[in-house]
Every structure is written in C-alpha cells, then in structure tokens.
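Contents: one structure, followed by commentary.
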Amino acid sequence: LEVPAGGSYDTEAGLKDLIISPEPLHLINPQWHFWDANWWPDWPTSAKKLMWFYEKSGGPTVDGVVSMTPTVMERFLEAVGEIDMTEEYGVVINADNFLETTQFFSEKKPQETLKPKKIIGDLLEKIIEEMPARLNRETLIKLTNVFEQSLAEKHILFYFEDPALQERAERYGWDGKMKQTEWDYLSVINTNIAGGKSDKKIRETIKHTAEIQADGSITNTLVITREHTGAKFESF
C-alpha cells in the first residue's frame with residue numbers, strides 16, 4: 001500500500017502533456033491535472049479519466065479505481081477504535097477528529113512541510129499494523145455494517161477494466177453510473193472547486209413536488225436550500 005507523501009500532487013512532475021481543464025476550473029487553473037480529474041457525476045467516466053491521467057503522469061496502467069469518501073474512514077475508526085499518532089504528530093486520531101486533523105496537516109504550506117499528505121500514509125500503515133490485534137467477532141460485525149452502509153449510500157464506488165468485475169459492480173449498484181432510463185429523474189450535483197473543504201458544513205435540503213394537471217401535463221417544482229453551518233474562524 002503506497003500513499004505519496006505529497007498526495008496526488010506528486011503526479012504533476014511526470015505529466016508532460018499540457019491539458020486544458022474544464023472551463024469552470026479555469027477559475028483555479030487553466031491546466032488540468034490528476035487531482036481534478038474526478039469531474040463527472042458519472043463515476044465510470046471520472047474513473048477512466050483518473051486512470052488516463054495517472055498513466056500519463058508516469059504511473060503504471062491501472063486495472064480499476066475504488067473511491068471512498070472521508071465518511072468511510074470515520075465509520076471505520078468508530079468500529080475499530082482510535083489510533084495513537086502522538087509519537088510523530090502529537091495527536092490521537094478517532095472518528096470525531098479524523099477529517100479536521102488530516103486536513104490540518106494536509107493543508108500546511110510548502111515552507112512548513114514538503115510532505116503534506118504523509119499523515120494519511122502513516123495512519124493507514126498504523127491501522128494495518130494494529131488490525132490483527134483488534135479483530136474479534138464484535139469488531140467484524142461492526143466493520144461489515146460499516147461497509148454495507150457505505151456501499152448502499154455510495155460512499156464507496158468501484159470501476160474495473162475487467163468486464164466481468166464491472167458487470168458485478170453494476171449489478172450490485174456499486175458503480176456510480178448515471179442511469180439511462182426512458183423516464184426523467186432528478187439528480188442534483190454539487191461540485192467542489194478549489195480546496196475550501198466546506199462540504200462537511202453544508203446542510204442541503206431538496207424539496208421536489210410534481211403536480212399532475214387536468215390535461216395530463218405535469219408541473220414540477222424544485223426548491224434547493226443550502227445552509228452553511230460552519231462557525232466563524234473555524235479552520236475549514
């Protein structure tokens with residue numbers, strides 16, 4: 001298991017091609033890189049582009065891509081318990097502080113550290129090292145629930161080059177594909193541009209009503225309410 005100390009930004013040195021980014025990203029950078037390639041709401045499309053960028057950036061060809069949101073790690077830590085990282089980082093990481101702690105270290109300025117994502121790799125190594133001693137019947141049941149819930153809620157998505165594996169991911173609904181149907185459906189997509197990391201503090205409410213008129217036509221009304229719950233002067 002390898003986690004680049006500089007995170008996905010370490011791929012920049014190997015990218016020889018200059019790729020124009022999608023227009024909304026021009027606000028940040030007119031050039032496109034690996035770390036901004038998860039751009040489409042259709043996961044197979046994003047996964048293929050991530051694979052393309054990874055190979056073009058000096059990496060090997062890839063057989064598949066698995067995506068996980070921070071929620072998966074929070075639930076995982078809740079199941080297995082806290083991880084002591086005080087020796088190198090002066091902190092004990094648990095489900096409650098995982099996101100804030102890893103973001104704090106990852107957002108350090110270049111003059112402070114050249115390895116902003118190193119804490120992620122060190123944390124995963126520590127988990128792998130301590131897991132055998134923590135595995136028991138109760139923990140296994142908790143972990144099973146964690147992954148079942150995360151898969152059902154699309155916090156974990158898969159894409160495979162192998163058609164048989166991809167077909168299985170699609171069958172279980174783990175593929176994150178935008179469905180092609182004969183009928184309309186509602187899909188509200190939010191895209192986080194730049195590193196504001198405000199998603200965690202956004203509460204979104206979606207209210208949709210459909211009224212069937214006397215002539216058979218349908219009037220749809222959609223109200224989206226987005227509330228920022230973050231407190232002033234919070235780090236993120």
Side-chain angles (χ1 to χ4, degrees), residues 1-5 7-8 38 41-44 46-47 50-51 54 60 62-107 115-177 179 192 197 199-204 229 234-236:
L1 180 65
E2 297 178 9
V3 179
S8 55
N38 180 20
D42 181 74
W43 172 240
S46 283
L50 286 162
M51 294 166 71
Y54 192 66
V62 181
D63 296 315
V65 188
V66 182
S67 76
M68 291 188 294
T69 69
T71 300
V72 179
M73 277 302 299
E74 290 170 343
R75 290 172 176 173
F76 178 86
L77 289 169
E78 197 170 344
V80 302
E82 60 187 23
I83 304 295
D84 189 348
M85 306 286 287
T86 51
E87 188 173 338
E88 188 168 356
Y89 296 96
V91 66
V92 175
I93 296 181
N94 56 40
D96 296 324
N97 69 6
F98 164 75
L99 191 60
E100 186 175 351
T101 302
T102 52
Q103 283 188 355
F104 172 78
F105 284 98
S106 297
E107 297 290 337
K115 300 177 179 180
K117 310 294 183 181
K118 186 174 181 293
I119 188 171
I120 303 292
D122 290 345
L123 175 63
L124 292 176
E125 284 184 12
K126 190 88 169 176
I127 288 172
I128 290 171
E129 177 186 322
E130 295 186 9
M131 274 304 289
R134 299 191 184 205
L135 283 180
N136 53 49
R137 182 181 175 85
E138 184 183 353
T139 307
L140 283 170
I141 292 172
K142 286 181 180 178
L143 287 174
T144 301
N145 292 333
V146 163
F147 288 108
E148 282 188 350
Q149 185 182 3
S150 298
L151 286 164
E153 295 175 357
K154 314 299 183 190
H155 286 292
I156 304 174
L157 296 173
F158 298 94
Y159 173 76
F160 300 105
E161 286 285 86
D162 184 292
L165 288 174
Q166 182 61 16
E167 188 276 331
R168 184 169 295 183
E170 291 177 9
R171 193 191 325 155
Y172 291 131
W174 300 343
D175 58 317
K177 180 188 288 186
K179 305 303 180 187
N192 184 37
K197 306 291 194 299
D199 310 55
K200 186 80 172 175
K201 297 294 184 177
I202 301 294
R203 182 184 294 122
E204 182 174 70
T229 65
E234 274 187 313
S235 298
F236 298 98

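Excluded from the calculations below are hydrogen atoms, water molecules and symmetry mates; all remaining heavy atoms, backbone and side chain alike, are included.
- Distance check, rounded to the nearest 0.5 Å: CG of D175 to CG of L165 gives 13.0 Å.
- The backbone N or O of K142 lies less than 3.5 Å from no partner atom in the side chain of N145, so there is not a single donor-acceptor pair.
- Atoms CE and CD1, on M131 and I127 in that order, are 8.0 Å from each other to the nearest 0.5 Å.
- With sequence neighbours left out, R171 forms a side-chain hydrogen bond (donor to acceptor under 3.5 Å, both in side chains) with E167.
- The local environment of CG in D42 is crowded, with over 12 non-hydrogen atoms from other residues, nucleotides or ligands closer than 6.0 Å.
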- Message: K200 vs E74, test: salt bridge (charged side-chain N to carboxylate O under 4.0 Å, His left out). Steps then yes/no.
- Response: CA-CA 13 Å; K200 186 80 172 175; E74 290 170 343; 3.0 Å; yes
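- A donor-acceptor pair is defined here as one N or O able to donate and one able to accept, closer than 3.5 Å; such a pair exists between the side chain of T139 and the backbone of R134.
- Between R75 and E153 there is a salt bridge, since at least one side-chain N of the basic residue sits less than 4.0 Å from a carboxylate O of the acidic one.
- In the displayed structure, R168 atom CZ is contacted under 6.0 Å by at most 12 heavy atoms of other residues, nucleotides or ligands.
- With a 4.5 Å cut-off on side-chain heavy atoms, V65 and W43 count as touching.
- P44 approaches G176 most closely through the heavy-atom pair CD-O, 3.8 Å.
- Using a 4.5 Å cut-off on side-chain heavy atoms (C-beta onward), D162 and D63 make no contact.
- Note: K177 NZ to Q166 CD = 6.5 Å, rounded to the nearest 0.5 Å.
- In this structure T101 satisfies the side-chain hydrogen bond (donor to acceptor under 3.5 Å, both in side chains) test with no other residue, sequence neighbours excluded.
- Pairing each heavy atom of E161 with each of V62, the nearest pair is CG-O, 3.9 Å.
- For K118 (side chain) and F105 (main-chain N/O), no donor-acceptor pair under 3.5 Å exists by modelled atom type.
- Atoms CG and NZ, from L124 and K126 in turn, are 13.0 Å apart once rounded to the nearest 0.5 Å.
- For the ring pair (Phe, Tyr, Trp, His ring centres under 6.0 Å) test, residues two or more places apart in sequence or in another chain that qualify with Y172 are W174.
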Would you be so kind as to tabulate the donor-acceptor pairs closer than 3.5 Å made by side chains of residues 78-87, with sequence neighbours excluded?
residue : atom : partner : partner atom : Å
D84     : OD1  : T86     : N            : 2.9
D84     : OD1  : T86     : OG1          : 2.6

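- Not one N or O on the side chain of D199 forms a donor-acceptor pair closer than 3.5 Å with the backbone of I202.
- Closest approach of N97 and V91 over heavy atoms only: ND2-CG2, 4.2 Å.
- In this structure, T102 contributes its side chain and F98 its backbone to a donor-acceptor pair below 3.5 Å.
- For CD of E129, the number of neighbouring non-hydrogen atoms (other residues, nucleotides, ligands) closer than 6.0 Å is greater than 12.
- Residues satisfying the side-chain hydrogen bond (donor to acceptor under 3.5 Å, both in side chains) test with Y89, not counting sequence neighbours, are D122.
- With sequence neighbours excluded, the residues forming a ring pair (Phe, Tyr, Trp, His ring centres under 6.0 Å) with F160 are F158, listed by chain and number.
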